[in-house]
Structures are given as C-alpha cells and as structure tokens.
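Scroll down for the structure; my scribbles are underneath it.
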Amino acid sequence: MFGELNLNLEEEAAMVLFGIGFTMLLLHRNLIKKILGMNIMDTAIYLFLAAKGYIAGRQVPILTDGVTDPAAYINPIPSGLVLTGIVVSVSTTALMLALTIRLYERYHSLDLDRILISMKQEEEEQL
Amino acid sequence: MEVFELLLLLSLVVCAVSVAVIRDLLASIIVFMSYSLIMCIIWILLQSPDLAITEAAVGAGVTSVLFFVTLKKIHAIRKEDRDE
Amino acid sequence: MSFVQNFPFFSIILAMFSGIVSSVLKGKKARVLSICAIAATMVLSAAVLAYCAATGESYVYWMGHFPAPWGNEIRAGVLEGLTALLFSAIMLLSVIGGVKYTQTDVEPSKQNLFYILIDLMLSSLLALVYTNDLFTAYVFVEINTIAGCGLIMITQTGRSLTAAIRYMVMSSLGSGLFLIGLSLLYDVTGQLLMSPAQEAVGEIVESGQYEIPLLVIVAVVSVGLAIKSGLFPFHYWIPDTYGYATPTASAILSGLVSKGYIFLLIKFYYRVLSPESVVRSHIGNVLFLFGVAGMMLGSLRAIMQTDTRKMIAYSSVAQIGYIYMGIGLGTPEGMIAAVFHIFSHGATKALLFLSARGLYRVSGDRTDFLALRGSGYRNRLAGVGFLVGSLSMVGFPMLSGFISKLLFATSAMASPGKMLTTLIALAVSTVLNAVYFLRLLTGLYRPARSGAYDAGAGPDGAAGERVNAPGFRVAVLCLIAFNLILGLFSQPIVRAITEGLAMFS
Amino acid sequence: MSKRKSPQELGRYLKFKRWLAGDLDLLEDVTEDAVPVAAPEIADRLPARDSALESRCRASEEVYGPEVWPQSHAPGYAQAWRDRVALQKGAGDAQAVLQAQEKSLGFFRAVYKIMAVLLCGAIILVFLWTTAFLPPFGNPDNPANNEVPARYIRHGVEETGATNFVTGMILDYRAFDTFGESCVLFIASCCVQVLLRVDACDGKSAARTRIQQENDRLFEPKNDGILQQTARLLVPLIMIFGVYIILNGHLSPGGGFSGGAVLGSGLILYLNTFGFAKTERFFNERVYRRMTLCALTFYCLAKSYSFFTGANHLESGIPLGTPGAILSSGLILPLNICVGLVVMGTMYSFYTLFRKGGM
C-alpha cells in the first residue's frame with residue numbers, strides 16, 4: 001500500500017502550512033495573529049493549487065512563437081483560480097483588520113478573550 | 001534545483017511557525033512579508049508568473065502595508081490613552 | 001431559446017447593479033432602489049418557477065460564449081426558482097418591515113451602505129441558488145460572508161463588533177475548508193462545473209481509484225459549510241450574531257444566509273456527488289448525530305435564557321439541527337423535509353425577529369422576559385405576530401412548522417435505522433420548544449405587575465397600534481399570511497420540491 | 001437579571017475562557033485574581049487599583065512585549081503592583097492559594113498546548129495522508145490536464161484574442177467568477193467604510209473626527225529630504241510599471257489586479273511622502289467614488305452584454321484584433337483597465353480609511 005504513495009514536497013509543505021494556519025486562526029488569542037494565520041492558511045491552499053497545475057518540463061502559459069499545442073504549456077486553470085482567491089483573501093484581511101482597529105479603540109485590547117470579558121463587564125455595569 | 005526548492009519550502013514552514021510563536025507583532029508581520037516573498041519565488045519556479053506578480057504586489061505589498069498601518073493606529077490609540 | 005430563460009441571470013445582475021449604483025446615492029434613494037430591485041427579483045424568480053414548472057425540466061444557461069466544461073454556467077429548475085422566489089420574498093418583507101428600525105440603528109450617512117450590503121447579499125444568495133459552477137459558488141460564498149459581516153456590525157455597538165469578529169473567524173475557517181475541498185476535487189476530477197464533475201466522480205467511484213481523497217473531500221466540504229451555517233458544535237457565534245443586529249439583519253442572517261449555505265451543500269450532494277455515495281461515506285450519519293444534538297442542546301440553552309434575543313437565537317441553533325437531521329437521514333423524503341424546513345424556518349424566524357423588535361419598542365427597549373410582560377397588549381400586532389411565529393415553531397397545526405415536523409416524522413418512517421432516534425428527538429424537542437416559547441407567550445399576555453414598564457413604553461405610550469410604521473404592519477401581516485399559506489397549502493410546495501430534487505440528479 | 005458576578009466567579013470565568021483559548025502567560029493575571037480572593041487584608045493596605053491604567057498597561061504589553069510595560073508608562077503604579085505581589089507572596093495563606101492556582105493553571109496550559117499541537121498535527125496528518133493518494137505531481141496524464149485546459153490553449157488565441165492564456169481564461173471563459181471577485185473587493189471596501197469612515201454629522205462622530213485627526217498627525221511626513229528625493233525617483237517608475245502591467249495584461253504576466261495593486265502602492269508611497277494636502281489635489285473621495293462607479297458600471301454592462309449574447313447564441317460583434325498587439329483581444333483590455341482602476345482606488349481607500357477614517 002505504501003509502495004504507490006506519491007510524495008511531493010510542494011503539496012506536503014502546502015498541507016503543513018494549512019494545518020499551521022488553521023490552528024493559528026482557530027486558537028491564537030491575538031487578533032492580529034489570527035489574521036496572519038488566515039493569510040497563511042489561504043496561501044497554503046494557493047500553493048497546493050499552483051503545484052497541481054504544474055507539469056514537469058513545460059512552459060509558462062503564455063503564447064510563445066505561435067505554438068498552440070497544449071503539450072507545450074502548463075495548466076492555466078489553477079493560476080486563474082488562485083488569482084481570484086488572492087483578491088478574495090486580501091479583501092477579507094482588510095475587513096478583519098478594520099474590525100480589529102474598531103475593537104481596539106473600544107476595548108483597548110487585541111486579545112479576543114479579554115475583549116469578550118470587558119464587553120460582558122461593561123454590559124453588567126450598564127444594567 | 002531540487003535542493004533550492006527544498007530550501008525554499010523549508011524556510012516557508014520555518015517562517016510560518018515563527019509567525020505563530022514570535023511574541024512581537026511587528027516582527028511577526030515582517031516575517032510574514034518574507035513568507036509571501038518566498039511564496040513568490042516558489043510560484044515562479046512552478047511556472048506561474050501571473051501568480052508571482054500578484055502575490056508580490058498584493059500579498060507582500062498591500063497586505064503588509066495594511067498590517068503596518070493597523071499596528072501604527074493601535075500604537076496611536078494607546079498613546080492617546082496615556083496622555084489623557 | 002425563450003426569453004424567460006434569461007431571467008435568473010437578469011435577477012443576479014440586477015441585484016448587483018443596484019448595489020453598485022447605490023454607492024453614490026443617498027440613503028433614502030438607495031432604499032427605494034433596493035426595495036424595487038428585490039421586488040423585481042421576486043417577479044423574475046416567479047416567472048422562472050412558472051416556466052420550469054410548465055416545461056417540467058431544468059435548463060442550463062451559459063454565462064458567456066462557451067458551453068459546459070469551459071465556461072461558467074448557471075442552471076435553473078423548479079427547486080431553484082422556488083427557492084429564489086421564497087428567498088427574495090422573505091428578504092423583501094424583512095427589509096420593508098425593518099425600515100424604521102434601520103433608520104434608528106444605522107448612522108444616517110451610512111444608510112446607503114446598508115442597502116448596498118442588502119443588494120449584494122441578495123445577488124450572492126441568488127447566485128448560490130442558481131450556480132452550476134463550484135468555483136463561482138466559492139466566490140459568492142465569500143461575498144455572502146462579507147455582506148453578512150457588514151450586516152452584523154452595521155449598528156456599531158460593542159456587542160455587534162465582537163459578534164462580527166467571531167463570525168468572521170468562524171466563516172474564514174469554513175471558507176478555508178470549503179476551498180481546500182474544491183482544490184482536492186479539482187485535482188481528482190479535473191472539473192469545476194457541477195455536471196461534468198458529477199460524471200467524473202461517477203467514473204472515479206466505479207474504478208475505486210481515489211477512494212480516500214473523495215472521502216476527505218466530502219468530509220471537508222460538509223464540515224466547512226456546516227461551520228458557516230452554524231451546525232451544533234460550531235454554533236457558539238450564533239447567539240450574539242443573530243440576537244444583537246438590527247431586525248432586518250437578524251431576519252436575513254438567520255432566515256436566509258445560513259440557509260444559502262445549506263442549499264449549496266444539498267446541491268453539492270445531489271449535483272456533484274450522488275446521494276448514494278454520500279450515504280455510503282457515512283458523512284450523513286455524522287450530520288444526523290450533530291443535527292440531533294443541536295436540536296436538543298439548542299433548545300436546552302434557549303430554555304435557560306432570560307433574554308428574548310438570545311432565546312430566539314438559540315432556537316435558530318435548534319432549527320438548523322432539524323435541517324441537518326433531515327439531510328442526515330439520507331433518504332429523498334428526509335431531504336424534502338429539510339428543504340421544506342428551510343423555507344418554513346426562514347419565514348417564521350423573520351416574523352419572530354421583526355415582531356420581537358416591535359415588542360421591545362413598547363417595553364422601553366428592554367429585552368428581558370420581565371420587561372416584556374404585558375407587551376402583547378401594548379403592541380397588539382407585534383404580539384399576534386410573535387404568537388403566530390412561536391406557535392409555528394412549536395408545531396401548531398395549520399402553521400408551517402407543523403407541516404415540517406410532519407414531514408420529518410413521515411420521512412423517519414422510511415429509514416428504519418434512524419426511525420426511533422428521529423421520532424424521540426422530534427418529540428423531546430417539540431416539548432422543549434413549547435416550554436420556552438409558551439413561557440414567554442404567557443408573559444406577553446399577562447398584565448404588567450406595576451406601571452413601571454408602561455412608563456418605559458414607546459413615544460406614543462400605550463397606544464400600541466400607532467407605534468408601528470406602515471411598512472412594519474404590512475411585513476408582519478404578510479409574514480403571518482405566508483406562514484398560514486405554507487401551513488395550509490403545503491401540498492403544491494412539497495410537490496414542487498419533490499420535482500425539483502428529481503431534476504437535480 | 002442584573003446580578004453582578006462576584007470576583008471569584010469572574011476569576012473562574014476568566015480562567016475558563018483562558019483555558020478554552022489557551023493563554024500562555026497568565027502569571028500576573030493570576031495574582032490579580034488572587035488578591036481579593038485570598039488576601040483581602042493585604043489588598044486593603046495597597047493603593048486603590050486603577051483598572052483603566054491596568055488595561056492600558058496590558059495593551060502595551062501586547063504590542064511591545066511583556067518586559068517594557070509598566071516602567072515606561074506608570075512607574076509609581078508598577079512599583080505598587082510589584083509590592084503587592086511581593087506582599088502577597090509573603091503571606092502564608094495567600095501563597096498557598098496562589099500556588100494552587102498556578103498549579104491548576106499549569107495544568108490548563110499543558111492541556112492547551114497539547115490540544116493545539118494535537119489539532120495541528122491531526123489536520124496535517126489527515127491532509128498529508130490524503131495527498132499521498134492524489135495523482136502524482138507534474139504528470140501530464142493527471143485528470144486535471146483534460147480537454148478543458150487543452151481548449152483554452154489550442155483555441156484560446158482565436159476565441160479570446162489574448163496571448164496570456166490565464167488572462168483569457170479569467171476574463172473570457174470564466175468571466176463570471178472574476179466579476180464576482182470584483183464585487184468582493186467592492187463590498188469589502190463598503191464594509192471598511194461602515195467601520196472606519198468618520199462622518200461629521202452628529203455629535204458622537206464629531207468627537208471621533210477630532211481624535212482621528214490628532215492621531216493622524218503622527219503619520220504626517222516631516223519633510224524628510226531623503227524620503228522625498230527617493231520618492232520623486234520611485235513613484236513615477238512604480239506608476240509606469242503599474243500601467244504597463246495593466247495594459248499588457250493580455251500579452252504578458254499580470255493584469256488588472258496586480259497592476260492595480262502596484263498603482264495603489266505607488267499612491268500610498270506618494271501620500272506618505274508628500275502628505276494629504278498634495279494628494280488630495282488630484283485624488284479625493286469624490287474622484288474615487290466616481291471612478292469606482294464608472295469602472296464597475298462599465299464592467300457590469302460590458303459583461304452583461306457579453307453573457308447575454310453568449311447565452312442566446314448571438315454574435316457579440318466585438319472585434320478581437322490581431323493577437324499580440326496592445327489593442328487586441330476585444331473586451332479584455334478595457335475590462336483590465338476597469339479592474340485596475342477599481343483595485344487601485346480600493347487599496348488606496350483602505351489605507352486612508354485605516355489612517356484617518358476618510359479620504
């Protein structure tokens with residue numbers, strides 16, 4: 001069973017990075033670190049996709065010397081998907097950073113748990 | 001070439017782990033910037049210059065600038081608190 | 001090609017375009033434009049539904065000059081048309097009903113931004129309903145997430161900001177899982193459009209080659225979308241999110257946004273995998289278990305609340321549990337029940353959130369049970385609305401909730417392995433629902449202990465009817481009627497769902 | 001309803017939350033919790049606690065790291081704090097409690113660390129295991145290399161006119177995705193405006209305007225000669241590079257998104273060197289709004305036309321031009337310009353909104 005295992009460094013690095021990013025996003029308490037973790041997770045997926053589009057010994061998918069033979073170029077689809085994905089992740093990052101600034105203005109902390117605690121305290125004081 | 005790729009991928013993982021464990025936020029953002037640049041080089045090696053150019057402009061450029069301005073803003077708010 | 005077939009595309013673009021134009025309009029004009037766009041969408045979706053029901057088959061629509069495996073596509077059938085129609089109707093009513101509250105809750109200069117968010121939310125929901133392309137689905141899931149985050153934090157109170165960041169964190173986790181699932185799927189099938197992907201998956205299943213990746217894909221996509229729709233173990237962001245937004249936003253978030261993801265999941269199961277392979281992968285059993293657990297624990301948590309907003313939000317957790325239980329049964333009947341419950345819960349929750357806000361308004365903007373005592377007399381319309389919504393949730397005959405519970409029970413009969421669990425879960429959860437809703441309802445119609453709460457009543461004091469804006473009255477009445485229609489004339493809708501699901505595969 | 005949590009309860013709640021999210025440096029918080037619980041008489045002897053100051057100290061600790069915090073801002077208070085901790089450590093009862101708490105905390109910490117590593121490891125293992133069964137890397141016979149990319153490459157030039165197959169794919173074959181993606185940017189900028197834009201129309205936000213403007217003085221350039229000279233040299237180069245990337249999007253790597261991001265960074269550099277007053281002469285909120293509206297409207301209409309004709313099997317009638325020339329490939333060039341303008345404006349507006357809440 002292990003004989004036919006396919007071991008490739010890019011894909012494995014991408015999966016390791018995905019795990020690191022996912023854990024950071026889920027469990028790190030600092031908001032900025034969470035956002036960095038989200039970016040790491042996203043880029044890991046893009047690295048995986050880009051690695052899947054690569055074909056050994058072929059060229060960049062841009063027409064050169066009028067050759068239109070598919071056997072000359074790598075797969076352009078993953079590149080297109082990743083381009084879209086990068087823009088999506090930069091938008092999400094900007095939004096989360098803006099939220100972080102507003103939360104810091106209000107609660108003077110970057111720690112999500114401290115923010116939650118001071119929010120609860122504030123509400124109890126109001127009642 | 002293989003060795004070079006291996007080195008790049010290893011440094012990618014090292015960068016990601018250090019982003020997670022470094023306590024200083026500014027330092028971790030700078031490490032993240034270098035992470036994006038390494039990713040750029042890997043994408044060039046994977047024959048995807050479109051991605052490399054976008055990641056260099058968006059990932060290493062604009063995203064990092066946004067992180068820096070956020071950090072600076074937070075410092076400013078803190079300073080204001082102190083002055084009051 | 002008949003002209004009606006263009007309508008799904010028109011409705012998506014129309015909603016998007018009105019959002020883009022609203023960015024330079026003032027709040028009031030943006031509101032009018034948005035309401036018009038939603039109403040137009042509703043009409044267009046109704047036409048699509050009528051067309052598909054008449055021809056009896058679904059069709060694909062090229063988004064560009066290229067056919068299936070090369071270009072983007074959308075697809076319309078009976079179920080898509082019905083869902084689009086009901087979603088836009090619920091959205092229209094929630095927007096109209098919440099106009100007054102939106103004006104007070106949102107900063108005056110940012111009103112137009114609120115309506116941009118509504119427009120883009122609508123277009124992304126429609127795109128999720130109609131899409132035949134997995135990557136398009138991912139992009140619109142992101143639009144949906146960001147618009148949802150905007151709707152949560154539009155009031156800009158401390159509570160809503162923290163709710164928004166928690167929502168964003170959980171949604172990013174969900175999107176990450178969904179995207180990696182898509183990447184894996186693309187890698188083993190080489191297709192991004194649903195119909196060719198389904199063929200490729202069929203071949204793979206037959207050859208038994210990529211068995212493990214396929215299992216991981218199903219698991220990862222299901223978990224990603226379950227996180228985003230707030231299934232039980234991932235539900236902790238729901239109460240703050242739904243409870244503390246402005247009523248329009250609460251109604252849309254709870255009634256439509258989470259349902260959009262569930263609809264996408266159903267589409268993924270039917271259009272990309274086949275229902276049989278989902279059953280074989282046992283992911284259905286996991287969803288079933290978590291759904292049942294969500295029903296129980298959501299209801300239990302709702303009983304423990306003393307704040308109405310949180311109670312309604314926890315009841316949403318329980319209702320999402322119902323839907324996943326239906327999906328997890330793994331039979332066509334279960335799926336029909338789940339889809340029916342998507343509609344019924346959307347209509348009921350919108351009614352509950354809107355009328356609850358009407359009740360807070362006459363109770364000095366307090367939300368605890370004690371303050372709401374007697375508010376059913378102070379604002380009669382909102383009281384009736386809340387009564388109907390609660391009874392529908394509990395499963396009172398003639399209302400929509402009863403039909404969905406009936407459908408769940410009958411579908412449980414068809415799957416012997418899970419029959420007992422389902423029936424017991426349904427019975428227990430109905431009792432629990434009745435406990436917490438009836439506790440509040442008896443409070444609503446019990447005279448307030450002293451004049452203390454009347455003093456805090458709205459600007460018009462005890463003159464309940466005048467407190468309600470005309471839009472609010474229309475919306476609550478329509479939603480009550482909507483609930484009654486779903487309850488009394490459920491047969492055509494159930495038939496349409498059955499037909500639509502048959503068209504899926 | 002309005003029952004206040006006692007300090008003990010709050011402490012427990014705090015600890016539980018920490019446990020859930022796994023704090024790694026809790027020592028000072030533990031002593032803080034321990035004061036009222038274990039040794040009230042010691043706490044009485046100390047200066048009153050200043051919760052506002054404490055929260056600020058904590059905040060600076062997050063930004064600067066734990067070592068610098070008290071000394072730099074509040075030396076007197078920090079001394080008192082240290083005294084309190086020392087006193088408390090001296091007291092027998094208090095110390096026992098403290099040790100017990102530290103012990104339990106140590107347990108929580110360990111559990112958290114194990115949890116995080118386990119979760120990370122589990123995810124990584126599952127996915128590594130999955131990748132092991134995927135089609136091999138770099139193999140031309142993989143399922144992904146089927147008829148779809150083959151057509152993009154073989155007929156891409158004649159069907160779209162773009163010699164860059166990736167651009168041809170995202171702006172023609174799969175243009176609906178890309179349109180959605182522009183909408184993601186648009187809606188994100190709307191959300192950031194909701195959060196950060198300061199409109200001086202009521203009292204509450206007027207106060208915020210003042211604070212923002214005072215803050216912004218920290219960012220304003222100080223007429224740095226070196227910076228300005230470098231920027232005079234760099235900004236035109238960056239701008240030209242950005243325009244080049246956009247205009248050649250269909251011929252060479254790049255396109256609207258990357259070019260727009262480069263242009264946006266150029267604008268940000270200009271702003272940081274020469275200040276708002278100069279930048280606003282040619283790029284203010286009005287220009288930004290109109291530009292975004294025009295670009296997105298054009299994008300929307302052009303793509304609607306193209307989708308409509310495509311779906312109804314009509315000829316679109318847009319000339320594709322000679323492949324390889326700048327003016328070729330039909331709608332792709334104008335669309336790239338639109339996307340570039342939108343991205344540039346959005347990036348710049350993100351930056352200014354973050355900085356001072358308006359353009």
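Throughout, a chain's letter reflects where its sequence line sits, starting with A, and its residues are numbered from 1.
- Of the possible donor and acceptor atoms, one in the side chain of A:Lys34 sits under 3.5 Å from a partner among the backbone N and O of A:His28.
- The main-chain N or O of D:Leu195 is found under 3.5 Å from a side-chain atom of A:Arg102 such that the two form a donor-acceptor pair.
- For A:Leu112, no part sits under 4.5 Å from any heavy atom of chain D, backbone or side chain.
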Begin from the C-alpha positions of D:Thr131 and A:Glu12 and carry the test side chain to side chain donor-acceptor pair (under 3.5 Å) through to its verdict.
-> CA-CA 7 Å; D:Thr131 43; A:Glu12 272 152 26; 4.6 Å; no

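- Contacts of A:Leu83 with chain D are made by both backbone and side-chain atoms, with heavy-atom separations under 4.5 Å.
- Heavy-atom distances place the side chain of D:Ile170, and not its backbone, under 4.5 Å from chain A.
- The greatest number of non-hydrogen atom pairs below 4.5 Å with chain A, out of D:Arg174, D:Met169, D:His155, is found for D:Met169.
- There is no contact between D:Ser189 and chain A, counting heavy-atom distances below 4.5 Å.
- In this structure, A:Phe18 and D:Phe127 have perpendicular ring planes: the angle between them is above 60°, well past the 30° mark.
- Only the backbone of D:Leu251 comes within contact range of chain A, with heavy atoms under 4.5 Å apart.
- Interface remark: A:Leu95 contributes backbone and side-chain atoms alike to the contact with chain D (heavy atom separation under 4.5 Å).
- For D:Val166, the parts lying under 4.5 angstrom from a heavy atom of chain A are both the backbone and the side chain.
- Between the side chain of D:Thr346 and the backbone N or O of D:Leu185, no donor-acceptor pair lies under 3.5 Å.
- When each of D:Asn142, D:Asn164, D:Val157, D:Val192 is scored by its heavy-atom pairs under 4.5 Å with chain A, the top score falls to D:Asn164.
- Comparing D:Ala188, D:Gly121, D:Cys120 by how many heavy-atom pairs each has under 4.5 Å with chain A, the most go to D:Cys120.
- At least one donor-acceptor pair under 3.5 Å links the side chain of D:Thr163 to the backbone N or O of D:His250.
- For chain D, the option among A:Thr23, A:Ile32, A:Ile62 with the highest count of heavy-atom pairs below 4.5 Å is A:Ile62.
- No donor-acceptor distance shorter than 3.5 angstrom exists from the side chain of A:Asp42 to the backbone of A:Ser89, with no hydrogens or angles considered.
- Note: D:Phe137 and A:Tyr54 have parallel aromatic rings, judged against thresholds of 30 and 60 degrees for the angle between ring planes.
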